[in-house]
Amino acid sequence: MADLKLTDVGKTYGGKVEVLKNINLDIKTGELIVFVGPSGCGKSTLLRMIAGLEKITGGTLEIDGQVVNDVPPSERGIAMVFQSYALYPHMTVYDNMSFALKIAKKSKEEIDEGVQRAARILQLDQLLDRLPKELSGGQRQRVAIGRAIVRDPKVYLFDEPLSNLDAALRVATRIEIAQLKEAMPNSTMIYVTHDQVEAMTLADKIVVLANKGIAQVGSPLELYETPDNEFVAQFIGSPSMNLLAGEITGPGDETQVTLKGGGMATSAIPTQTADKGRDVNVGIRPEDFTVLEGEGAAIYEGKVDYLEALGEVTLLYFEADSGANPVIAKLPGIHGDLRGRTVKLTADPARVHMFSNGNSMRG
Amino acid sequence: MHPALQAVLTVGIGVSSAIAYFYLANMFLDKVLFPPRGANAGRNINRANMIRPWVFLFPALFALCLYLAYPVVETIRLSLTDRVPGGYEWAGAENYVALTKDPKFWEALRNNFFWLLVVPGLSTAFGLIIAQLTDRLSWGNIAKSIIFMPMAISFVGASVIFKLVYDYRPAGEEQIGILNAAYLALGGSEPQAWLTIPGLNSFLLMIVLIWIQTGFAMVILSAALRGIPEETIEAAIVDGANPFQIFFKIKVPQIMPTIMVVWTTITIVVLKIFDIVFAMTNGQWGTQVLANYMYDKLFRANDWGMGSAAAMVIMLLVLPILVWNVRQARKEMR
Ligand SMILES: Nc1ncnc2c1ncn2[C@@H]1O[C@H](COP(=O)(O)OP(=O)(O)OP(=O)(O)O)[C@@H](O)[C@H]1O
Ligand SMILES: [Mg+2]
């Protein structure tokens, strides 16, 4: 049981450097929340404020309805897994995992039971007598998670826990964390990551942080399908969403946009007559483009500058003015013959986003 | 010639002859001794490379032998001989036997042991506590600089300072020693000649060394404390450890190797302690230590045999700690 409620939370370092402001967030028991955002946007800072390692300089943090701004970390019912694991180098795996229980003056039997249980879940049984330096990176990571499990916290906090692992191990550990989450439906988890795939696969809800605040909160697919603003639109998904500048020329239930590049786009987002003439950015994900054969109004027409054939998909990079981002299209299958050719692209109106002043025009 | 000019010239000659040695020796090896030519070119290159390190090391090894190894051998030899008019005679273990029969030797040994028990432990403990306490203070660096300053004072200088602190003037006169002044101010009946009070006086001498060595311990341990990964401390905070538990269970164990190096380094200083005792009591009133005992025998009693024997005893005591210390320091570096 642990609901978290952040109200107008802010962080200012040394009274001058404002890193975060007006963070409002409701986290329900059992949710796995992922914080994503560009480097330096304050993900770790927010997590550390929830942990109690960093002072909250504005607003309130409540855990289960109780304001905990001034409650020390150990009494907040949280456990944290650090990016660098932060294992105690002079203690064996067993001692690392039992440290918190010993501090809490639990009985020997209780400690042993807790450690053995966590060790079983994480397959650390054989390693309990080892020192951290005698473990591989993945094993260290598991000990760090084990140290958190042993305390049976209400809230788990992970700060980029997989970033020090190699690609294969990262996938394996990611799946382990997902299974762990399923095994503990009552614990809340907050997870910071750079990695989109991690965010999309693990999260019940993703919180995108940018410009000192929250850009959008939503389920992974919500963020993907209905981004609130250009930042989220471009941050989620790889390669990023294409943004094409244009002007509304045909408002209505479906909106016609005449693009600066000469193309014509139709979006399923409805607009009012008053919106006619408004400058907008049309957003289309690379994977939503289809090649238009023969006649018809194209959204975009250009020469394929180069392409990346990945087997299952082919990425087309179109010629762009120097400095501008090229339009990218992702087509299923192999299209090696398209390089250097002029290609017309179109897209399903339902998948054409529209942004005005950076914000989505979806109601 | 002006002495400064002479010094510059000497340095110049020294440095250029060192360079010349390395250059010429290397050239001799490559061009004359094992030239990489002819039928045995490959073999010659290998041989030259095998010898080269030794050629380069030779000056250092030579100096080391001359100034370290030779004195040790000579001291051993002297400790086994007796001085007689016009020369010396073989004495076997006699000097060592005489040593064991001299109560002053046992007093020195006992005092050294006492010093060993008190000084390294207290210096390291104080250094560690100060390093920890000053770590987060805004004026911590100033405090540390002040505490480190005694390191820059020679042992004899420090002894002179503390002799003034412990100074004794007969009753009725104005006391210039701060210890007596404080003692009287706090209700002491009459001034004490502190350095003549057996038992206490040794401890007063130790304070001088602790005063000096605390700064050393503090600087090294402060660096070690800073090297502890911040996240392990944060993990301990999250785990619920209080500041004392963090200090004793997380920080101290992580810097244990450094603490041991500091502790043994001070131990070696203590085993060789001489200047402070020499300058303050000269071993009187029951404060004798081994090094001062050796000096007494060697230079005052002119008994080179017993003096050398005492020197050997000191060396035997220091050696194991030294070896251990060097090993630890090497481990640290890895
Ligand atoms: N002690 C501090 N004093 C001043 N500014 C700080 C301090 N600590 C962090 N910052 C600033 O706060 C911002 C957020 O830092 P934070 O570590 O939370 O970023 P992050 O989102 O976790 O980045 P990354 O993804 O690279 O880990 C950064 O711009 C950083 O420069
Ligand atoms: Mg971070």
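The sequence lines fix the lettering, A, B, ..., with proteins before strands; numbering per chain opens at 1.
When each of B:A235, B:G240, B:P229 is scored by its heavy-atom pairs under 4.5 Å with chain A, the top score falls to B:A235. Put simply, of A:I103, A:I78, A:L157, the one with the most heavy-atom pairs under 4.5 Å next to chain B is A:I103. Of the listed residues (A:P73, A:S74, A:A79), the greatest number of heavy-atom pairs within a distance under 4.5 Å of chain B belongs to A:S74. Ranked by heavy-atom pairs under 4.5 Å with chain A, the first of B:D239, B:I237, B:V238 is B:D239. No other option in B:E230, B:E231, B:K249 has as many heavy-atom pairs under 4.5 Å with chain A as B:E231.
At a 4.5 Å heavy-atom cutoff, the contact between A:L87 and chain B is made by backbone atoms alone. Neither the backbone nor the side chain of A:A144 comes within contact range of chain B; no heavy atom of the residue lies under 4.5 Å from a heavy atom of that chain. Both the backbone and the side chain of B:E234 come within contact range of chain A, judged by heavy atoms closer than 4.5 Å. Interface remark: A:R48 contributes side-chain atoms only to the contact with chain B (heavy atom separation under 4.5 Å).
Figure legend: cation-pi geometry between B:K272 and B:F274 absent, as NZ or CZ is not positioned both under 6.0 Å from the six-membered ring centre and within 45° of its axis. Geometric assessment of A:R147 against the ring of A:Y88 yields a positive cation-pi assignment under the 6.0 Å and 45° thresholds.
Distance alone, capped at 3.5 Å, is enough to place a donor-acceptor pair between the A:K43 side chain and the A:P38 backbone. For the pair A:K181 (side chain) and A:G30 (backbone), a donor-acceptor distance under 3.5 Å is present. A donor-acceptor distance shorter than 3.5 angstrom exists from the side chain of B:N111 to the backbone of B:Q288, with no hydrogens or angles considered. Remark: side-chain polar atoms of B:K251 are not paired, donor with acceptor, to backbone N or O of B:L225 under 3.5 angstrom.
A heavy-atom distance below 4.5 Å is found between the side chains of B:F155 and B:V269.
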